[in-house]
Amino acid sequence: GESVGLHLPTLSVQEGDNSIINCAYSNSASDYFIWYKQESGKGPQFIIDIRSNMDKRQGQRVTVLLNKTVKHLSLQIAATQPGDSAVYFCAENSGAGSYQLTFGKGTKLSVIP
Amino acid sequence: DAGVTQSPTHLIKTRGQHVTLRCSPISGHKSVSWYQQVLGQGPQFIFQYYEKEERGRGNFPDRFSARQFPNYSSELNVNALLLGDSALYLCASSLRREGAAAFFGQGTRLTVV
């Protein structure tokens, strides 16, 4: 299962630097993973996804890495911008006949101008 | 293109009352899922509907129910509201039953007083 808490881990980065957000997932049977960005008062916004048969996937300014051995995901954001400030969640889907996303606890990214 | 739309955006109800939340998925998406997000936590899975049938249910009491209509829109119903039901209720749609990108609406902010 997941563990959640009231106090989100926070990552502060300087504008223009690269950001790396990490996530540990819980279910070794999970075969599909998504990263979401959530701004205050809004719903989660899809960023990038990756399937378990891949180790790496790149999008526009973002890269997701998957290490199934240690059940770890990371999201790399290149040249971080103030608009990237938000809470980032990883989500896993076990794919066992239903589409139930289990979310991690989230990381708050603050970009310093 | 219209994304996932939810209504209403905000709602205030009294304990013991009933509430109905509505969701219209992205055109062509047949899967609709509902999530509850309390402040400071990641979304928690409530239901998934695909092709008008319930495909998954999270750990929520029977006061929570949902349905999907022939046009793939969906309703979430909550009876006998409790203060603890106060949360952001999110709807997500996806093209397939599982393993496809899930896109969220902006959510309905429910406050129970």
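Order of the sequence lines sets the chain letters (A, B, ...), proteins ahead of strands, with each chain counted from 1.
Using a 4.5 Å cut-off on side-chain heavy atoms (C-beta onward), A:F46 and B:F104 make no contact. For the pair B:L90/A:P44, a side-chain contact is recorded, criterion being any heavy-atom separation below 4.5 Å from C-beta on. Annotation: side chain of A:F103 is not in contact with side chain of B:F45 (no heavy-atom distance under 4.5 Å).
Contact of B:R96 with chain A is made through backbone and side chain together, with heavy-atom distances under 4.5 Å. If you measure heavy-atom distances from B:A92 to chain A, you find no contacts under 4.5 Å at all. Within the 4.5 angstrom heavy-atom criterion, no atom of A:Q45 approaches chain B. Residue contact with chain B, scored on non-hydrogen atoms closer than 4.5 Å, involves the side chain of A:Y36 exclusively. Of the two parts of B:T9, neither the backbone nor the side chain holds a non-hydrogen atom closer than 4.5 Å to a non-hydrogen atom of chain A. Only the side chain of B:Q37 has a heavy atom closer than 4.5 Å to any heavy atom of chain A.
The backbone N or O of A:L101 sits less than 3.5 Å from a side-chain atom of B:Y35, completing a donor-acceptor pair.
Taken together through direct or relayed side-chain contacts under 4.5 Å among Ile, Leu, Val, Met, Phe, Trp and Tyr, A:I20 and A:V13 form parts of separate hydrophobic clusters. The hydrophobic cluster containing B:W34 does not contain B:V38, counting ILVMFWY residues as joined when their side-chain heavy atoms lie under 4.5 angstrom apart, directly or transitively. The hydrophobic cluster containing B:F47 does not contain B:Y72, counting ILVMFWY residues as joined when their side-chain heavy atoms lie under 4.5 angstrom apart, directly or transitively. Hydrophobic clustering of Ile, Leu, Val, Met, Phe, Trp and Tyr side chains at less than 4.5 Å, counting indirect connections, keeps B:I46 apart from B:V4. Under a hydrophobic clustering in which Ile, Leu, Val, Met, Phe, Trp and Tyr are joined whenever their side-chain heavy atoms come within less than 4.5 Å, directly or via other members, B:I26 and B:L21 fall into different clusters.
Interface check for chain A: of the options B:G58, B:A101, B:G105, B:C91, the most heavy-atom pairs under 4.5 Å are formed by B:A101. With respect to chain A, the highest number of heavy-atom pairs below 4.5 Å among B:Q6, B:R109, B:Q106 belongs to B:Q106. Taking B:S94, B:A102, B:S33 one by one and counting their heavy-atom pairs under 4.5 Å with chain A, the maximum is reached by B:A102.
In this structure, CD on B:Q41 lies 9.0 Å from CZ on A:F89, to the nearest 0.5 angstrom. Considering NZ of A:K42 and CG of B:L88, their distance stands at 13.0 Å, rounded to 0.5 Å. The CD atom of A:Q100 sits 9.5 Å away from atom CD of B:Q44, with the distance rounded to the nearest 0.5 Å.
Within 6.0 Å of NZ on B:K13 lie more than 12 heavy atoms contributed by other residues, nucleotides or ligands. A:Q60 CD: 12 or fewer foreign heavy atoms inside a 6.0 Å radius. The environment of CG in B:N59 is sparse: at most 12 heavy-atom neighbours from other residues, nucleotides or ligands sit within 6.0 Å. Sparse packing is recorded around CZ of B:R15, with 12 or fewer heavy atoms of other residues, nucleotides or ligands lying under 6.0 Å away. Within a 6.0 Å sphere centred on CD1 of A:I112, other residues, nucleotides and ligands contribute more than 12 heavy atoms.
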